[in-house]
Amino acid sequence: MSKIRSMRQWMELLKNENHLIEINKKVDLRYELSAVGKKADGKYALQFKNVFYNGREFKIPVVTNLLNTRQLIEKAIGAIPGHLLEYFSHAQSNPMEPKIIDKNDAPVKEIINLDPNLYDLPIPIHHEKDGGQYITAGILIAKNPKTKVRNISIHRLQVLDRNKLGILILPRHLFHFFDIAEKEKQPLEVAVAIGVDPVLLLASQALAALDFDEFGIAGRLYGEPLEIVRAETVDIEVPAQAEIVLEGAILPGIREPEGPFGEYPKYYGPKSPKPVLELKAITMRSDPIYHTIIPANKEHLLLGAVPREANMLQLIRNSVPNTVAVSLSEGGVCRYHAIISIDKKNEGEAKNAIFAAFSSSHEIKHAIVVDKDIDVFNMEEVEWAIATRCQASKDIFIIPNALGNKLDPSSHNGISDKMGIDATVPLVDAASEKYEKIKIPGEEHIKLEDYI
Ligand code: MN
């Protein structure tokens with residue numbers, strides 16, 4: 001179970017393990033912060049204590065790279081090492097209702113500002129062609145206008161004015177809610193919580209059905225209900241431990257230009273007319289910390305990977321029970337390349353595993369199946385399996401023109417080919433000496449330090 005209940009508690013833990021570096025040097029929110037964060041990607045979480053933008057200095061520090069590795073994610077959610085995905089799936093299958101607490105007990109209510117000004121927050125510009133300052137680590141909370149069931153999701157939010165954000169809403173749950181509201185010419189009330197703990201960030205990324213409250217996943221991972229508190233100006237409940245909460249509504253019948261924005265596939269998402277979120281209030285702690293996720297950094301990729309992998313593992317095991325492990329590789333931007341290892345018992349299982357992988361997410365483009373001796377997180381081993389256990393004419397198959405991801409520039413507006421690669425040893429050959437891996441007797445006991 002996770003012991004983490006707030007972002008600052010997680011930062012404290014990282015600091016004690018020398019994984020969080022505090023930076024006192026003055027850093028420009030325009031590009032510089034993002035560039036430093038990129039250099040530390042996969043190595044350190046960073047807390048920038050002195051940031052400025054357009055000559056203006058901010059008292060609020062900025063933190064980034066909070067979840068650099070899968071090991072850190074395991075630690076954050078308190079999973080048994082190696083069982084992160086099962087742990088996440090279990091929480092998703094057994095959600096725990098959040099609990100509403102009193103406003104006086106909620107740190108995020110220490111400051112209540114009914115005249116919100118986004119320019120008071122240290123919001124970075126991350127990439128060269130970005131349309132402006134972008135909020136990237138806010139979990140957006142909304143309710144289905146028909147059923148009133150909550151939904152949690154992360155959206156890129158471009159600062160358009162002191163109280164206005166442009167929002168990209170891909171066709172998932174929030175899109176559906178806004179569509180219902182807009183057809184009735186009604187605003188859709190929302191809140192955006194910035195600076196939440198890693199458990200909540202992960203829960204927000206679950207691939208869940210419509211009318212599934214993602215807050216319940218966080219509760220199960222904590223082993224106790226997530227504490228939420230009523231917003232000031234909208235009918236929404238927000239995490240009580242958040243650093244900052246924006247309250248407002250997505251306006252019906254209004255579109256304004258948003259973008260371009262450097263996205264996770266390491267290309268820009270284009271500029272186009274998007275809905276507008278108008279703010280009514282900002283509440284925050286008395287000493288808030290602002291969290292930014294640098295697009296395409298490991299934090300961004302891994303937050304997307306883990307819930308997708310959990311869903312994929314469950315689906316593949318339904319059809320191939322002897323599936324050992326799955327991964328969405330970082331080179332495949334944790335979306336497009338699925339690696340699956342199986343303890344093959346029947347010929348043909350590799351292809352069934354590939355079908356199941358494709359059905360788990362429309363974003364998966366290339367799926368590779370390997371034997372259980374291959375580490376799905378070690379791409380050199382995976383490549384070795386492809387190089388030595390695969391013959392293209394019988395082991396590779398291509399499905400043209402399926403639905404893929406629009407942000408993949410090689411797709412035709414999202415229409416994409418899919419490829420499956422069976423890199424498992426044929427069962428008839430498994431015992432033959434031509435597939436016997438070379439071995440040096442005693443190698444496992446040798447320590448290089450004893451010899452140099
Ligand atoms: Mn949802």
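Remember, it's 1-based here, ligands and their atoms both numbered in the order they're listed. Count residues from 1 along the sequence.
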Quick one: salt bridge (charged side-chain N to carboxylate O under 4.0 Å, His left out) partners of R220, sequence neighbours excluded? none

Let me check something: any side-chain donor-acceptor pairs from residues 77-85 under 3.5 Å, sequence neighbours excluded? List them with distances.
none

Taking only Lys NZ, Arg NE, NH1 and NH2, and the carboxylate oxygens of Asp or Glu, determine whether K49 and E22 approach each other closer than 4.0 Å. yes

Less than 3.5 Å apart, which donor and acceptor atoms pair up between the side chains of residues 111-118 and the rest of the protein, not counting sequence neighbours?
unit_1	atom_1	unit_2	atom_2	d
N113	OD1	D115	N	2.8
D115	OD1	R162	NH1	3.3
N117	OD1	Y119	N	2.9

Kindly confirm or rule out a cation-pi arrangement of R70 over F377, judged by NZ or CZ under 6.0 Å from the six-membered ring centre and within 45° of its axis? no

Count, waters excluded, of protein N, O or S atoms under 2.8 Å from the Mn ion (ligand 1): 3

Under the side-chain contact (heavy atoms from CB on, under 4.5 Å) test against I23, which residue among V36, V62, V51 passes? V36

